[in-house]
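Start at 1 and go down the list; that is how both ligands and their atoms are numbered. Owing to the predicted nature of the structure, the values given are computational and were not obtained by experimental measurement.
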Amino acid sequence: MATKILLFLFLLVASSAEDTFIFNGFRGANVRLDGAAYVNSDGLLLVTDAVRQTMGHAFFPAPLQFRSPRGGGGGGGKLLSFSSTFVFAMGSQYTGVNGCGLAFVVSGTNNLSAALPNQYIGLFNKGNNGNSSDRILAVELDTVLNPEFGDIDGNHVGIDLNSLTSVRARTAGYYDGTTDQFKNLSLVSGQPMQVWVDYGGDDMILNVTMSPVGTPKPNQTLVSSAVDLSNVVSDSMYVGFASGTGSFFTTHCVLGWSFRMNGAAPALDYTKLPPVPQFKTGGRSRKLAIWLTVASTLFVLLVASVVVFFVRRRIKYAELLEDWEREYGPHRFSYKDLFKATNGFKDKDLLGIGGFGRVYRGVLPTSKIEVAVKRVSHDSKQGMKEFVAEIVSIGQLRHRNVVQLLGYCRRKGELLLVYDYMPNASLDKFLHERGKPVLTWDQRFRIIKGVASGLLYLHEDWEQVVVHRDIKASNVLLDSEMNGRLGDFGLARLYEHGSVPQTTHVVGTMGYIAPELGRTGKATTATDVFAYGAFLLEVACGRRPIETKSEQMVLVDWVLENWKKGSVLATCDRRLRGEFPVAEMELVLKLGLLCSHPMPAARPGMRQVMQFLDGDAAFPELTPAYLNFSILSLLENQGFDDYVMSFPSTVATMSAVSGAI
Ligand SMILES: *[C@@H]1O[C@H](CO)[C@@H](O)[C@H](O)[C@H]1NC(C)=O
Ligand SMILES: *[C@@H]1O[C@H](CO)[C@@H](O)[C@H](O)[C@H]1NC(C)=O
Ligand SMILES: *[C@@H]1O[C@H](CO)[C@@H](O)[C@H](O)[C@H]1NC(C)=O
Ligand SMILES: *[C@@H]1O[C@H](CO)[C@@H](O)[C@H](O)[C@H]1NC(C)=O
Ligand SMILES: *[C@@H]1O[C@H](CO)[C@@H](O)[C@H](O)[C@H]1NC(C)=O
């Protein structure tokens, strides 16, 4: 015991020269940490530790010379060879569910604070990924398949040069020294593994090799590629690690690390490496297995009853999982966890009911994170594959005005969607339900701008154009600070495949549906803008877009009439008691009208909407001729009248639908 403690005290073996170092554990080690990175009391370097959507970095503090000193003749010195080896471990709270990866990095800067977590694993961001002036060489250990970067699978080792689209990548594994056979390794198994990174300055070849810890370095490399570093490395470069997590709780740690310029990296002393933490899932199932073995030898009867118990539990927790879904592993929740999270979907935790299904509040068992779980009944097999692919890509959306979709689960005839929990429920409750406090104009204006910013992100600022399809007050959820966030993406799309009787050919909510959508059936960014216009008027006037009991059934038409008469302020919500800046109120009402224009081409784009709201662009003068329309007559002309009339009850239920994410 005493020697063990002594060993731990000498974890850091001082480097003999500036360009050689070795860390057998990181206790007391001089490394520059940032973000979520820390060294625990055992000397384990946790680059990120079980916190969602965080990143961390650990760099050797001094810059290293990657070129030989310049000769008298001037010009850059020649590229040097280098070699590094490290032992790492990654573990996740759920088996098969993790995010996102760890990377060994050689970088021109040790300040990667502008990088992003998730798929960017703390190396790049949307703006600089792929830019040759980044000067970043990385060896990624990536546990998520990101199609946007051409990833080969969700468990690979890749060589990255200034971009997350790897120069070369291979499924993680190694060539067994005795049989010469390739064996897969699971990066997130929680088991420690060793990686060697060797670069030849003359031939400019980078070799990456890996193996389970304790086995000798395999003779065959795993990934090897020509990598021209002549425009990347300079006299002073930093070496270290970066990692980022996604929506799940994954730990990325480094146990030991060595480096040498112009020579083979010093061997690590495995006896001195710190212990790997117990990753919950791995540990628990192993214990269970041992327990079962003991029990079976002692009490056959007991085992039988245990088996019955497990079989029943399996039926209770049965899920649908098809082959095509394997690649989405990281985005799947187990039904059992969701069942536990919501106390078995008890009514006590029911947040809302609607046409699409029921929404429950829950607390995930291990992480204690609050979530909202939506159960959507869906029997149709048709379209499911596309829909799940879409859910997974929606899960990658990150914006402060967009409700985060964390993942999904599938059972027979049912789909479960897991979202971040929004404590203040949906905006329509504040607008239309008695007993809720009246929102001030400041709050409303902030929500209006927030929703515009979220929608702009979906339409223009993300990699793909995302059409929301169902913008309305009940799909705007309020976080703890009363910021508006868009929720409930894509569900409307699921029902386009026509499996639900109560929706007819058009999916959406009456009053928010653009006239051309009824004609063409095609949702576009312009139909979203139309719905956003209806939403603006709803928030400013405190009325639903269509109220059949009211004389002025269609809100847009009523606001429009008043605007033509010069009395537009008479339409604003009385509960505000006139407490608002008149210019802002007029802007919102007029913008609401402009967005509600029956001609899609006459509506502004979301970027323009944002500029109007921010006061960065002057609002155009609206002429009565320009706004010479009546939505009601348009709808009637198109045979929508029955639809409108038969819808009131559906309007009510559908607004409660997403109410509660
Ligand atoms: C790191 O870079 C960011 C900008 O990318 C800058 O705001 C920050 O001050 C820098 N930090 C240090 C310590 O230089
Ligand atoms: C690459 O980054 C540099 C410096 O950060 C910037 O000036 C340049 O515009 C970027 N190039 C591209 C294509 O984004
Ligand atoms: C190793 O992984 C690859 C890619 O995921 C897979 O095709 C192959 O079947 C795996 N081999 C074994 C032995 O598991
Ligand atoms: C990389 O691997 C190739 C082929 O195994 C070998 O010839 C070369 O010497 C290796 N380079 C380094 C720097 O280890
Ligand atoms: C790997 O290299 C070692 C040492 O050079 C050698 O003894 C062994 O036979 C090699 N294994 C294979 C499969 O080539």
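When each atom of ligand 1 is checked for a heavy atom of Ser113 under 4.0 Å away, the hits are 1 (C), 2 (O), 3 (C). Shown in contact with Gly200 at under 4.0 Å from a heavy atom are these atoms of ligand 4, numbered in order with element: 13 (C). With ligand atoms numbered from 1 in the order given, ligand 1 contributes 5 (O) to contacts under 4.0 Å with heavy atoms of Ala114.
Between the side chains of Arg400 and Asn483, no donor-acceptor pair of N or O atoms lies under 3.5 Å. Side chains of Ser132 and Asn162: a donor-acceptor N/O pair is absent below 3.5 angstrom, by distance only. With no hydrogens or angles considered, no side-chain donor-acceptor pair links His156 and Ser166 at under 3.5 Å.
No salt bridge links Lys126 with Asp461; every basic N to acidic carboxylate O contact stays at or beyond 4.0 Å. Remark: Asp479 engages Arg485 in a salt bridge, criterion side-chain N to carboxylate O under 4.0 Å.
The nearest protein atom to atom 1 (C) of ligand 4, hydrogens excluded, is given as Asn207 ND2, 1.4 Å; this is a heavy-atom distance. Scanning the protein heavy atoms around atom 9 (O) of ligand 1, the nearest turns out to be Asn111 ND2, 4.7 Å. Protein heavy atom in closest approach to atom 2 (O) of ligand 2: Asn131 ND2, 2.3 Å. Of all protein heavy atoms, the one closest to atom 3 (C) of ligand 2 is Ser133 OG, 3.4 Å.
Geometric assessment of Arg260 against the ring of Phe21 yields a negative cation-pi assignment under the 6.0 Å and 45° thresholds.
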Side chain to side chain contact (heavy atoms under 4.5 Å, CB included) evaluation trace for Tyr174 with Lys183: CA-CA 5 Å; Tyr174 68 108; Lys183 294 194 172 160; 3.7 Å; yes

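Within a 4.0 Å radius of atom 5 (O) of ligand 4, the protein has no heavy atom. Within a 4.0 Å radius of atom 11 (N) of ligand 2, the protein has at least one heavy atom. Contact annotation for atom 14 (O) of ligand 4: protein present (non-hydrogen atoms, distance under 4.0 Å).
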